[in-house]
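See below for the structure under consideration.
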Amino acid sequence: MILDITGSAKFVDAEELQEARQEAVDAMQGLINDYEQGENWLGWLSIAADIRPTIDKIEDAARRLRNDCEAVVMCGIGGSYLGAKAVIEALKPHFGKTEPEILFAGNNLAQDYIVEMSNYLKGKKFGIVCISKSGTTLETAIAFRVFRNQMEQESGEEFAARHIVCITDLEKGALHDIAVMNGYEMFEVPGNIGGRYSVLSAVGLLPIAVAGYDIRQLIAGAFDFYRPHRGVEACGEIIDYAALRNIMYRNGKKIELFVDFDPRLRYLGEWWKQLFGESEGKEGKGLFPASVSYTTDLHSLGQYVQEGERHLFETVVSVEHGKYEMEVPRTKDNLDKLNKYSWYTIGYINSVAEKGVRMAHIDGGVPNLRIAIPQINEYHLGQLIYFFELVCAVSGRMLGVNPFDQPGVEAYKANIKKLL
């Protein structure tokens with residue numbers, strides 16, 4: 001993974017950058033110190049090592065669901081599904097289904113969505129993975145109740161007992177009690193890891209393994225990227241990105257755009273929005289995280305980004321090599337005037353488009369940061385996920401907020417319960 005900050009150079013004063021870097025170093029050192037002292041909510045810092053003894057058990061459960069089920073319903077919301085969905089969507093083919101088919105429920109209260117999924121599953125052997133620390137989050141609890149009931153009616157309680165897996169608190173809570181009462185296999189939602197930092201725990205790893213992807217490589221990517229004992233000296237990219245985000249914010253850039261040039265990364269952007277939005281958006285502070293997929297969104301938001309209000313900057317996640325190569329074909333009529341590009345691959349043209357877009361936006365007053373990975377695979381996704389988690393923790397501390405709580409999320413939940 002490479003971080004290129006040259007696209008921000010004309011917008012940032014050298015002295016200002018040096019000061020912000022020192023702030024980031026201090027924040028990172030504070031994070032390491034707190035981790036070493038056993039501070040709560042920092043279990044994600046060592047999860048790539050801590051989860052290794054559980055990998056065999058996760059793979060065994062995934063194998064059972066893969067072998068016996070045509071589809072598996074993942075019930076969860078927020079950090080309980082976004083990380084897994086981001087990785088699965090990045091790795092699966094653009095067209096066709098995974099085997100078993102992975103369906104996501106419990107992340108909305110849209111009645112038609114639930115009914116149509118229920119109808120789609122009729123007559124199919126399906127499994128359920130329910131992910132909730134408490135088991136009482138409304139969206140997830142309703143979906144779990146609906147599909148658990150359907151599974152028991154259609155396939156029987158014995159099948160359900162073997163093909164419902166709960167990822168929850170291992171000592172207490174509604175989902176824990178349901179699992180114990182019915183004999184469902186359980187994995188832990190670690191008590192010292194918040195939902196949006198949990199993708200490298202069983203919360204993300206089990207769904208990803210059920211989809212058929214290599215969770216050992218995902219963990220290896222994070223493990224190789226950084227470990228707390230390496231100290232601040234190994235954090236160059238983390239320090240630079242956190243420093244520049246905070247400089248942009250202080251200088252009036254209130255929106256950060258996550259930009260991809262490959263639609264497979266769309267849900268990585270969705271996960272990234274939750275990570276930064278829920279971590280930094282409090283006390284009247286924080287960058288607003290948004291995401292776009294170019295070149296598609298250049299034909300809807302490109303005009304605004306180029307010439308609209310100058311209150312945003314871009315973080316481009318770039319993939320250097322695709323899985324396939326295809327050259328632009330030649331035609332006899334050449335009415336579209338593309339024969340002159342016929343010896344170029346489409347991937348090369350996409351990379352030129354990325355370069356041209358970045359140049360245009362920088363010239364138009366939009367600072368640009370670029371993160372490049374060699375290709376989309378489990379290893380490099382593991383690196384990216386861990387990189388963003390580390391940056392988020394450091395950046396939030398620089399902002400002066402707690403990047404591990406989310407008190408504002410409870411307001412809507414209380415209102416729903418009251419209104420019901």
Side-chain angles (χ1 to χ4, degrees), residues 40-41 43-44 72-86 88 102-115 117-118 126-152 160 164-182 184-208 210 267 270-271 273-279 281-282 402-420:
N40 203 8
W41 300 113
W44 57 273
V72 179
V73 180
M74 306 295 173
C75 295
I77 194 168
S80 294
Y81 94 102
L82 277 170
K85 187 168 177 66
I88 292 168
I102 306 300
L103 305 174
F104 290 89
N107 52 60
N108 63 67
L109 287 169
Q111 182 170 245
D112 289 356
Y113 182 90
I114 295 172
V115 172
M117 186 180 292
S118 175
F126 67 91
I128 300 172
V129 176
C130 187
I131 308 165
S132 174
K133 192 175 183 67
S134 66
T136 58
T137 301
L138 194 61
E139 297 92 338
T140 301
I142 287 174
F144 183 47
R145 178 178 283 218
V146 167
F147 295 113
R148 175 183 164 213
N149 185 59
Q150 180 174 344
M151 180 192 285
E152 289 178 345
I164 293 177
V165 181
C166 298
I167 306 177
T168 188
D169 191 298
L170 294 185
E171 296 181 357
K172 63 182 186 300
L175 187 56
H176 164 272
D177 294 346
I178 290 170
V180 170
M181 185 180 299
N182 293 278
Y184 303 151
E185 185 172 12
M186 282 192 288
F187 291 91
E188 184 180 20
V189 174
N192 61 351
I193 300 178
R196 58 191 177 273
Y197 292 87
S198 67
V199 61
L200 298 176
S201 73
V203 169
L205 296 183
L206 179 58
I208 293 165
V210 172
Y267 268 93
E270 296 299 311
W271 169 81
K273 287 192 291 191
Q274 190 216 359
L275 177 67
F276 282 95
E278 211 167 65
S279 297
K282 55 198 70 165
N402 179 356
F404 307 117
D405 66 358
Q406 56 280 340
V409 175
E410 302 306 316
Y412 91 86
K413 295 181 181 179
N415 283 344
I416 289 175
K417 289 180 180 178
K418 194 180 296 182
L419 289 166
L420 285 172

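Throughout, residue positions are numbered sequentially from 1 according to the sequence presented. Here the structure is a predicted model, which is why all the values come from computation and not from measurement.
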What do you reckon, is NZ of Lys172 surrounded by more than 12 foreign heavy atoms closer than 6.0 Å?
->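 Count not over threshold, so no.
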Atom CD of Glu410 with >12 non-hydrogen neighbours under 6.0 angstrom =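 Yes, enclosed.
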Decide side-chain contact (heavy atoms from CB on, under 4.5 Å) for Phe147 and Ile114; before the verdict, give the C-alpha distance in whole Å, the side-chain angles of both, and the deciding distance to 0.1 Å.
-> CA-CA 9 Å; Phe147 295 113; Ile114 295 172; 4.2 Å; yes
Rounded distance (nearest 0.5 Å) linking atom [atom1] of [X] with atom [atom2] of [Y]:
| X | Y | atom1 | atom2 | result |
| --- | --- | --- | --- | --- |
| Leu206 | Ser201 | CG | OG | 10.0 Å |
| Glu139 | Asn107 | CD | CG | 8.5 Å |
| Leu82 | Glu278 | CG | CD | 9.5 Å |
| Phe404 | Arg196 | CZ | CZ | 8.5 Å |

Quick one: closest heavy-atom pair of [X] and [Y], and the distance?
| X | Y | value |
| --- | --- | --- |
| Ser132 | Thr136 | OG-N, 4.1 Å |
| Val203 | Ile131 | O-CD1, 3.5 Å |
| Ala84 | Pro207 | CB-CB, 3.8 Å |
| Val72 | Ile128 | CG1-N, 4.3 Å |
| Tyr184 | Cys166 | CD1-SG, 3.9 Å |
| Gly191 | Trp41 | O-CZ3, 4.0 Å |

Can you tell if the side chain of [X] reaches within under 4.5 Å of the side chain of [Y], non-hydrogen atoms only?
| X | Y | answer |
| --- | --- | --- |
| Val73 | Met151 | no |
| Val189 | Asp169 | no |
| Phe126 | Met117 | no |
| Cys130 | Thr140 | yes |
| Ser80 | Thr137 | no |
| Phe144 | Ile178 | yes |

Check for a donor-acceptor pair, side chain of [X] on one end and backbone N or O of [Y] on the other, with a separation under 3.5 Å.
| X | Y | value |
| --- | --- | --- |
| Ser198 | Ile193 | no |
| Lys85 | Glu270 | no |
| Gln150 | Ser118 | yes |
| Gln274 | Gly79 | yes |

Have a look at Met186 and tell me which of Ile167, Thr168, Val165 forms a side-chain contact (heavy atoms from CB on, under 4.5 Å) with it.
-> Thr168
So, for Tyr197 and Trp44, is the gap between ring centers shorter than 6.0 Å?
->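 Yes, close enough.
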Who passes side chain to side chain donor-acceptor pair (under 3.5 Å) against Glu188, sequence neighbours left out?
->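 Glu188: no side chain to side chain donor-acceptor pair (under 3.5 Å) contacts found.
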Could you label the plane-to-plane angle of the Phe104 and Tyr81 rings as parallel, tilted or perpendicular, counting under 30° as parallel and over 60° as perpendicular?
-> tilted
